[in-house]
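Below you'll find the structure, written out as structure tokens, and then a few comments.
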2 protein chains.
Amino acid sequence: MHGQAAHSGERGSFACAAGVRGEVALEHLFQGSALNAVDAKGRVSVPAFLRSVIERRGDARTIVLAKHSQFACLDAYDPAYAALKHAKLERLLEKGETEPDAELAYQQRNLMAFAATEETPYDSSGRIVFPPMMRRKGGIEDLALFLGTGETFQIWNPQTLLGDKNIPEDLKDIARYRLEERGVTP
Amino acid sequence: MHGQAAHSGERGSFACAAGVRGEVALEHLFQGSALNAVDAKGRVSVPAFLRSVIERRGDARTIVLAKHSQFACLDAYDPAYAALKHAKLERLLEKGETEPDAELAYQQRNLMAFAATEETPYDSSGRIVFPPMMRRKGGIEDLALFLGTGETFQIWNPQTLLGDKNIPEDLKDIARYRLEERGVTP
DNA sequence: TCGTTTCCCACGAAATCCCATTGTCACCCA
DNA sequence: TGGGTGACAATGGGATTTCGTGGGAAACGA
């Protein structure tokens with residue numbers, strides 16, 4: 001258990017390669033993987049190394065959950081990132097404005113980005129209670145696989161990930177390792 | 001013993017071949033080699049001459065580990081370099097977004113760059129504890145061979161390197177020298 | 001009152017910190 | 001020139017804290 005929570009450490013404040021055309025830069029990125037249990041009450045520990053990033057980005061002890069736009073998993077991030085995401089959408093709109101469906105696409109994305117999300121706080125021990133709707137959308141059962149992806153992190157049902165054709169084999173190896181580490185081989 | 005901490009020295013601060021079209025440049029490069037022991041707890045000293053590069057690139061005392069894409073070894077770098085990598089991906093996405101598979105390719109790369117890596121801090125004496133997953137992926141046992149490769153550095157099981165057909169003989173000589181230096185000849 | 005949800009405490013394993021030791025090298029000063 | 005000596009790198013072992021997790025008590029809404 002405990003994945004590799006430890007390695008996260010508390011420091012790691014590194015300068016970010018920023019300055020991409022006025023974009024807000026993220027100084028701290030989500031990285032690493034862990035497999036945690038979902039208990040009978042629907043509680044899960046958010047891995048400590050992810051929490052440390054959240055708390056460095058802002059002072060919230062909260063995560064935002066959304067269905068991932070492409071994968072059968074959940075996308076998660078901190079509240080501060082939500083604002084950033086909004087700015088990104090704006091920029092996308094400006095870029096593709098010439099295209100006919102641009103406005104519609106923008107509205108749709110905006111809905112997805114904000115209406116279709118749930119914000120959940122984690123307690124002093126770092127656990128959230130999984131909102132039932134999100135839990136279902138992510139197909140999460142009794143194990144939650146956390147994957148850092150830089151700006152955000154993903155939460156998977158490990159079995160779903162293993163069955164996804166679009167996931168690189170090297171990444172599946174990691175999922176298998178985490179399962180094995182926990183004694184779930186079948 | 002203590003390898004050759006010395007040869008590496010503390011210098012090596014040279015200007016980097018920078019200025020690749022607005023890209024963030026790395027001012028300090030990893031170079032040199034060392035062979036260190038992995039103890040029973042899985043701890044290894046990161047050679048001081050590599051740490052000094054890490055700390056000049058940013059203020060982190062942390063290394064990022066990943067499986068090397070081609071060799072049977074680990075690839076390692078500092079968090080600042082990871083951020084740089086991320087910025088590159090972002091830029092690629094915005095540029096080639098018109099293509100249909102661009103988004104998927106982006107997601108896959110991001111997963112590999114962040115989920116398939118582990119960040120581990122080194123303590124005041126310069127040691128990391130090898131994350132078990134990475135240790136296995138790199139086939140690292142009780143000796144770790146560090147090789148600087150400029151932007152990043154590699155960590156090998158010396159025996160694996162000696163058995164790799166794609167490694168130049170001159171480099172194997174270095175590995176042999178480090179082993180001999182340490183009294184491991186068989 | 002009953003069923004949830006939220007909070008709090010407890011435990012075991014594992015990771016992190018701290019101190020101690022030793023060999024090398026660099027430097028200094030006779 | 002050469003021996004001493006101080007600093008630093010690499011390594012070993014023990015002590016302490018943190019993390020993930022389970023269970024129960026208290027608060028809340030219906």
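First the proteins, then the strands, lettered A, B, ... as listed; each starts at 1.
The CD-P distance, from B/Glu181 to D/dA10, rounds to 12 Å in whole Å. Remark: P of C/dG3 and NZ of A/Lys41 are 16 Å apart, rounded to the nearest angstrom. We find that CZ of B/Phe49 is positioned 13 Å from C1' of D/dA10, with the value rounded to whole Å. C/dT21 atom P lies 18 Å from atom CG of B/Asp39, rounded to whole Å. What separates CD1 of A/Ile128 from P of C/dT5 is a distance of 14 Å, to the nearest Å. Atom P of nucleotide D/dT21 and atom CG of A/Asp142 are separated by 11 Å, given to the nearest angstrom. The nearest whole Å value for the distance from the CG atom in B/Leu35 to the P atom in D/dT11 is 9 Å. The distance from atom CZ of A/Arg61 to atom P of C/dC7 is 12 Å, rounded to the nearest whole Å.
Within the structure, a side-chain polar atom (N or O) of B/Arg182 is placed less than 4.0 Å from OP1 or OP2 of D/dT11.
Distances were taken from every side-chain heavy atom of B/Arg51 (C-beta onward) to each of D/dA10, D/dT21, C/dC8; the shortest belongs to D/dA10. Here D/dT11 is the nucleotide among D/dT21, D/dG24, D/dT11 with the atom lying nearest to any side-chain atom of B/Arg127. In the set C/dT6, D/dT11, D/dG12, C/dT6 carries the atom at the smallest distance from any side-chain atom of A/Val129. With D/dG14, D/dT11, D/dT21 as the choices, the nucleotide that has an atom nearest any side-chain atom of B/Arg43 turns out to be D/dG14.
Within 4.0 Å of B/Val46, counting heavy atoms only, lie sugar-phosphate atoms of the nucleic acid but no base atom. Residue contacts shown for B/Ser124 are absent, as no nucleic acid heavy atom lies under 4.0 Å away.
The line from CD1 of A/Ile128 to CZ of A/Arg51 is 11.0 Å long, rounded to the nearest 0.5 Å.
Counting heavy atoms from C-beta outward, A/Arg127 and A/Asp39 have side chains that approach closer than 4.5 Å.
A/Lys137 has no carboxylate O lying under 4.0 Å from a charged side-chain N of A/Glu118, or vice versa, which leaves the two without a salt bridge. Between A/Arg57 and A/Glu151 there is no salt bridge, since none of the side-chain N atoms of the basic residue sits less than 4.0 Å from a carboxylate O of the acidic one.
When all heavy atoms of A/Leu74 and A/Lys67 are compared, the pair lying nearest together is CD2-CA, 4.0 Å.
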